[in-house]
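Remarks on the structure that follows.
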Protein chains: 2
Amino acid sequence: MNDFVKPINTVDPVIFTLHDNKLKILLILRDKEPFIGKYTLPGGWVHANEGQDLTIEDTVKRVLKEKTGVDAPYFEQLNTFGSHNRDPRGWSISIVYISLIPWHSLDENLFKDNAKWVDIESLNQYELGFDHNSIIDFALQRIRNKVNYSILPVYFLPEKFTQTDLQKVYELVLGTKLDKSAFRKKIATLNFLEDTGERDFNVSFRPPLLFKVKETALQCFRSNFI
Amino acid sequence: MNDFVKPINTVDPVIFTLHDNKLKILLILRDKEPFIGKYTLPGGWVHANEGQDLTIEDTVKRVLKEKTGVDAPYFEQLNTFGSHNRDPRGWSISIVYISLIPWHSLDENLFKDNAKWVDIESLNQYELGFDHNSIIDFALQRIRNKVNYSILPVYFLPEKFTQTDLQKVYELVLGTKLDKSAFRKKIATLNFLEDTGERDFNVSFRPPLLFKVKETALQCFRSNFI
DNA sequence: TTAATAGTGTCTATCAGACAGTATTTC
DNA sequence: GAAATACTGTCTGATAGACACTATTAA
């Protein structure tokens, strides 16, 4: 039909989680060329053959499940990178997503030796394959910026959580401390929290209220990419 | 090397201009299948052969020049759309950009009969090929949102312009009226205007000051996509 | 002087940050 | 009651919108 060189197409998610009070990203040790022996983002090819991926979102969901073992509660498109020399095999186009997965939903035993969750402070010790260092910088900018006006960080938390939990997650993502009163006023205006009426009694002080995200807020947010 | 079906890759810019006090988009009448006889966004294939496009931005620049005859002063990536059925020829991936071009820089005579600048209010009268109607909706959201916190609309104006010109451009993009005092205070805080010391004397009232965009502001802004 | 727009000043409502105060629980 | 954190109230400075005021030019 059209008879010229087609670029390679991959989908490469930057998968974030929170663990040990650190923001971490999943990296994979490559076992084949190019960049054998280097870490890279977990990626996958678009399966365009009949009866396989129907949309690019199908590809992302499949890759996320293959690499983490779970269905990611959230992902969104970040940017598409393409050039003749970002992959030594030739012209390549990488459609990059960011995804957030709560650590507690992951099964650590499922991860093989070639998979590694690296906290973002330690990333400068890694020389990643392809242009993945700069892609991760881009992803960090996006997630930190988006935290300021969205409910993104709830995707790191379990179903029920306290406002203090929520504030800590925001602080870990941003890397800065926040004022409690101002934070709660802002969360209140965003109007996405629902009081469960329950409290967390596993504390030796006044038990905090447990909240969850309103069903409408989640659906509204998810519809960004469906 | 890798032996499976590769998707079709195209780059499809949504090219905006301002003309006759209307925000308009460039559409092309297709003269071949699929969607022959329908209007679509102007698009192009990535030329991945040796010595052609080196990066995806090269592809965009080339397509923009081919379709408008000029070098676009601004473009940025919008989103990438991919699925098995958005193009009847099979799995396809479209990397979509938005671009802003000032009307006065265009040469109307260069446009052939198959090219048409359509104002966005009239778009609902067109049933476009592919998924281009929904792509344009996406692009409109982006440009209207970005106007609120950026200098984007200056790319519709000539080098020197008045603050009233600038406000009118913002109003046309947003589709709403703005308060003069509030607008000027906001522009002042963004700190990207430089007083040329000149005035526009082609008026029958107090001649307004002419401003231009600070070189530093332009470079800073442009570096978003370089 | 009039007409028209340029350009500025003021008032108000809103909101985020700083910080202090009150409330509630366990031990 | 002490300790600890939950949760709320108040002050302040910054800002957007509404609106009116002064300035400047051509005719």
Of the listed nucleotides ([options]), which one gets closest to any side-chain atom of [X]?
| X | options | value |
| --- | --- | --- |
| B:Lys180 | C:dA6, D:dG9, C:dG17 | C:dA6 |
| B:Arg184 | C:dC19, D:dG17, C:dA6 | C:dA6 |
| B:Ala182 | C:dG17, C:dC19, D:dG17 | D:dG17 |

**Study point:** is_close_aromatic(A:Phe183, A:Tyr170), centroid dist under 6.0 Å
**Key:**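 Distance test on ring centres: under 6.0 Å, yes.
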Take the protein atom [atom1] of [X] and the nucleotide atom [atom2] of [N], then report the distance between them rounded to whole Å.
| X | N | atom1 | atom2 | value |
| --- | --- | --- | --- | --- |
| B:Lys186 | D:dA14 | NZ | P | 18 Å |
| A:Leu174 | C:dG17 | CG | P | 11 Å |
| B:Asp179 | D:dA20 | CG | P | 11 Å |
| A:Lys177 | C:dA16 | NZ | C1' | 19 Å |
| A:Tyr149 | C:dA16 | OH | C1' | 19 Å |
| B:Asp165 | C:dG7 | CG | C1' | 15 Å |

Practice item. Quick one: label A:Thr162 by what it contacts on the DNA or RNA (base, sugar-phosphate, nothing), any heavy atom closer than 4.0 Å. Key: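 Since no nucleic acid heavy atom lies under 4.0 Å of A:Thr162, the category is nothing.
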Review point. Is any N or O donor-acceptor pair between the side chain of A:Lys185 and the base of D:dT10 shorter than 3.5 Å?
Key: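 In this structure, the two groups form a donor-acceptor pair.
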Check your understanding: Hey, is the side chain of B:Ser181 pairing donor to acceptor with the base of C:dG9 inside 3.5 Å?
Key ->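 A donor-acceptor contact between them is present.
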Point to revise | Contact list for DNA chain D against residues 189-210 of chain A - heavy-atom distance below 4.0 Å | key: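 Within this stretch, A:Phe205, A:Arg206, A:Pro208, A:Leu209 sit under 4.0 Å of the strand.
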